[in-house]
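What follows is a short report on a single structure.
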Amino acid sequence: LDAALLVLDRIGQGGMYDLLGGGFARYSVDEEWRVPHFEKMLYDNAQLLVAYTDGWRVNASPQYAEIVRRTVRWALEEMRLDGGAFAASQDADSDGQEGTFFAWSLDELAAVLDPTDAERFAAVAGVSAAGTFENGRSVLRLERPMHQLDRRERSLVARCIPRLFRVRKQRVAPGRDDKVVTAWNGLMIRALARAGAMFDEPAWIEAAADCARFLLESVTVDGRLMRTYKDGRAHIPAYADDHAALMLGLVDLYEASFDRTWLDHALVVA
């Protein structure tokens, strides 16, 4: 258990975790987990949401709770499609370049934050003159886990992140793969149901239910579950992981809502 929590601490420092907007990049490109490949995959984020929810249940870490809330916000605001299902991934590129949406220079911090805050936040978040990424820009990453920061540093981070997030939203956003993949959406149903029950957020449970309805109604053809849905068409008969992930999501949705309908659907999928 201690080893698992150490991994969650390290991933949550940043680099692969988006400190401003929530959500996790798919992997790191360096051994220090400082620079990610910036693409965010639905399946990674769904499974990490479950991990951080369970981690919070064990130790009530405020950092874990914040990671869950920010990542759910990212999923609901940036990945949810019409009808309630979720897109497959968010691209790494914007304006034709990888990572430009996410990285910051010292000058960019200074343009947004008070001078003292900019200097102190740069030290806490690993932003340097040389840059940790490309063209003198750095990926925001806590140099120490949140629980190791002192009270003033935690207050600094809490004060600066919303300001930087508002400014970043004005940048050209990364593209999105709007394909619905059944297995990955099943994992997100599971994540939202578990997190919604654990954090007493009925809206998250309802979002899980909306996604489940979409899969059962629009990604099912003549009674047979399909693998993908895009541009109004469901196709490719579902694989084992599609059935398994959806079934797990439906069981968790039943446990979060006690609506017997979801358990009945799970039995049909099984």
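The basis for the numbers below is simple: all heavy atoms, side chains too, and nothing from hydrogens, waters or symmetry mates.
With Thr220 contributing its side chain and Leu215 its backbone, the two residues share a donor-acceptor pair below 3.5 Å.
Using a 4.0 Å cut-off between charged side-chain N and carboxylate O, Asp150 and Arg152 make no salt bridge. The pair Arg10-Glu32 fails the salt-bridge criterion, with no side-chain N (NZ, NE, NH1 or NH2) lying under 4.0 Å from an Asp/Glu carboxylate O.
Separation of the Tyr229 and Phe214 ring centroids falls under the 6.0 Å cut-off. The distance between the ring centers of Trp184 and Tyr43 falls below 6.0 angstrom.
Between Phe258 and Tyr254, the two ring planes are perpendicular [angle over 60°; tilted spans 30° to 60°]. Ring geometry for Phe24 against Tyr52 counts as parallel: the plane angle stays under 30°, on a 0 to 90° scale with 60° as the upper cut.
Of all the heavy atoms in Arg227 and Asp242, the pair that sits closest is NH1-OD1, 2.7 Å. Across Ser138 and Ser128, no two heavy atoms sit closer than the pair OG-N, 3.3 Å. Taking every heavy atom of both residues into account, Ala197 and Ile205 meet most closely at N-CD1, 3.8 Å. The nearest pair of heavy atoms linking Ala118 to Ala110 is CB-CA, 3.9 Å.
By the 4.5 Å heavy-atom criterion applied to side chains, Phe133 and Val127 are not counted as neighbours.
Across Arg73, Lys40, Arg176, a single residue satisfies side chain to side chain donor-acceptor pair (under 3.5 Å) together with Glu78, and that is Arg73.
Cation-pi check for Arg163 over Trp104 is not met; the charged atom does not lie both under 6.0 angstrom from the ring centroid and within 45 degrees of its normal.
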